[in-house]
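In what follows, a single structure is set out as structure tokens and then discussed.
For the numbers below, each heavy atom of this structure counts, side chains included, while hydrogens, waters and symmetry mates do not. Model, not experiment: these values are computed from the prediction. Numbered from 1 within each chain, the chains take letters A, B, ... in sequence-line order.
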Amino acid sequence: MSLSHFQAEFEKMMNRDYFSSSIHPMRNEAFSKFNECGFPTQKWEDWQFTNLTSLQKDTFRISELKDGPTQKIDLSPFHIDNVANIVIYNGHFQKDISHFPSGINLMSGLDYLESKEWKYNNTYDSPFDLLNTAFMDSGMSVVIDENMTINTPIHMVFISNSNEPLMVNPRVHIDVGDSSSATFIEHHVGVSSSFFENGSIFINLEQNAQLNHIRIQSNSTKTISMANIQAEQSLDSKYTFFQYADGGQLGRLNMVTRLNGEGADCNLNGLALSKNNQHLDHHIITDHRVPHCTSSQNFKSILQDKSTGVFCGRTIVREQAQKTDSKQSNKNLLLSKNALMNSNPQLEIYADDVKCSHGSTTGELDHEALFYLRSRGIDMMEAKNLLTRGFANEIMNAIRHNCTRSFIDTKFKHWLGDEV
Amino acid sequence: MLNIKSLKASIDGKPILKGINLNIKPGEMHAIMGLNGSGKSTLANIITGRDCYDVSDGDVIYKGDSLLEKSPETRALEGIFMSFQYPVVIPGVNLTYFLKAALNAHRKHRGEEELDAMRFLKFIREKIKQVEIDEKYLKRAVNEGFSGGEKKRNEILQMITLEPSLSILDETDSGLDIDALKIVANGVNQYRNKDNSFLVITHYQRLLNYLKPDFVHVLIDGVIVKSGDMTLAHKLEEKGYGWLES
Ligand SMILES: Nc1ncnc2c1ncn2[C@@H]1O[C@H](COP(=O)(O)OP(=O)(O)O)[C@@H](O)[C@H]1O
Ligand SMILES: [Mg+2]
């Protein structure tokens, strides 16, 4: 998709009458910045393992009102117990089937930004964040005041369903106030034949706030899925993140979390499953900017067939960030000789009194363990599945919501081809 | 039960077993003694179906059929069990789940109804008492954080759970203190009857004193150089292996 095509789509976006024109300066600024840098190429250091030419093959168009649902949406395949659903279909908010827990202020991304006078912390915007700002068309923002405990998780379901190449740019801001806590589940599903989803999420955790963030990326295998997540953490705040990814033709998680207040704790986890020629990529930056913070990055990938994966995790410990305690781990299981994983965990430490560890392993199933199981009468297929499940189990415990964990566990068994 | 006929095997072109003959009848217990590297584990592994060896000659007949072309799981289901010299840790796979999967594979093979979680738990609680394994281990990953002795008791637990016809114990006594050794020996002795056969591999007569095998064989450099009864084990303990080497 050439940039001139984007220009045409951008003009269409600007002419939409149902979006307030007060956002135009912000869109214009972002789009011109995007035009200056363009799409990343493999010459860019952070993009050397991910080829974006598939973005240019289809001429994605923005989603129109006519791309909304033509019949009642069946939510049962995405059903998770004990959550409040917020449904977005091809970029259109489905008010009638959406509910949200009391105690939160839910608003569109546009309304949110308007309330902030079109300002947000854009220091670290990537080309995809810029594109998102230029084209943002969906997603809902969540504002939680201080001292609120939101027990019911917010389950935001993004459904794509189209025969034409569509592009959707969901935008989500989540502000959790002083000493408040919430669980946010974003769930991406679809059956589209060609789809480009470029979502940006901006999270702000005030002092002592907690956010439990779960992302399920089960897009159609014809989807290019860009997830851009930025989180800012204040004093004693706690952010936990878990991504389960088994969808997309190309899936990329760009994540930056900044520990700006002492005592902040940030735990990032992920399980990526790929088959055929899927490519799932993780670029994770944890930035320790003050002393006495803790963080972990714990990501696993399981790869079949000719699929490929990337893990590039970077933990930065700034000079003043003494007493940092951080762990980084990336473990990958290759179930096929043709699968390929690029793993690159990095520590960038400028302080001297810190505790940091990192490690990475990539390998096949353990032959000894396989023989051990088979020698107990367990057949080859089941033995392989048991070991593969064992590999994933450890990380499943990082899903901090029981109903979502069992939903993901079932999905994982389906992926393995187990009877459920 | 098991008939090994002039078995020759090598690994990476290096001959390890150089013509083994051994016949084990139902209900018999045979012991194989021998120094490190003489090929004891190789023999056990070939019987159970590990695939890294080249068998160049001979055959292994079990209950009338050759074993050599069968998969490890088929052999297990037909009643062959090995207590591993070095039991493997299986991260993330819960011991209860593993034992249940193994038992149900056996039950299915025998045409019996598979046990559900509740009935299995009742079943396994009785079994762990016999080998004095604490119930909390059932919730752990297989062999993860188990001491040497606990791993070996876990092997015997699997034996009495799966009820094999032929049990091969590969140095199940190594590294056990006297209490653990007694637990292991008791577990084996309780399981012994006129139908079940055993092949016990060990360096020492210590375990054999508890088990009292019917036959004792000495394996040196891939060959059984001498066979006899318990008096042979006593003699080895007293004199070492030197007098046997030609
Ligand atoms: N996987 C292997 N690769 C290479 N050599 C092996 C392997 N397993 C065993 N051997 C060799 O085969 C010989 C017999 O080993 P083993 O059967 O384990 O002896 P034992 O159990 O009697 O100590 C030794 O020389 C050992 O080094
Ligand atoms: Mg050995």
Engaged part of [X] at the chain B interface, taking heavy atoms whose separation is under 4.5 Å:
{"X": "A:Glu368", "result": "both"}
{"X": "A:Asp366", "result": "side chain"}
{"X": "A:Met396", "result": "neither"}

Exercise for the section: Walk me through it: do B:Glu113 and B:Arg107 pass the test salt bridge (Lys or Arg N to Asp or Glu O under 4.0 Å)? Expected result: CA-CA 6 Å; B:Glu113 192 196 341; B:Arg107 291 181 66 96; 5.8 Å; no
Practice task
Output the option from A:Ile395, A:Leu373, A:Asn397 having the highest count of non-hydrogen pairs under 4.5 Å with chain B.
Solution key: A:Leu373
Exercise for the section: Please work out which of the three classes, parallel, tilted or perpendicular, describes the rings of A:Phe241 and A:His213, given edges at 30° and 60°. Expected result: perpendicular
Handout entry: Aromatic ring pairing A:His187/A:Phe407, orientation class (parallel under 30°, perpendicular over 60°, tilted between)
Key = perpendicular
Between [options], which shows the greatest number of heavy-atom pairs under 4.5 Å with chain A?
{"options": "B:Thr161, B:Ile80, B:Ile90, B:Leu103", "answer": "B:Ile90"}
{"options": "B:Pro164, B:Pro91, B:Ala105", "answer": "B:Pro91"}
{"options": "B:Ala101, B:Pro72, B:Cys52", "answer": "B:Pro72"}
{"options": "B:His106, B:Glu78, B:Gln158, B:Met82", "answer": "B:Gln158"}

Under 4.5 Å from any heavy atom of chain A - which part of [X]:
{"X": "B:Arg50", "value": "both"}
{"X": "B:Pro87", "value": "both"}
{"X": "B:Tyr86", "value": "neither"}

Problem - A:Lys331 to A:Phe299, cation-pi by 6.0 Å centre distance and 45° axis angle - result: no
Exercise for the section: For atom NZ of A:Lys238, decide whether the heavy atoms of other residues, nucleotides or ligands shown that lie under 6.0 angstrom number more than 12. Expected result: yes
Exercise for the section: Look at atom NZ of A:Lys411 and say whether more than 12 heavy atoms of other residues, nucleotides or ligands are closer to it than 6.0 Å. Expected result: yes
Problem - Minimum-distance pair of heavy atoms, taken over all atoms of B:Leu68 and B:Gly58 - result: CD1-O, 4.0 Å
Problem - Ring center gap for A:Phe371 and B:Phe84 short of 6.0 angstrom - result: yes
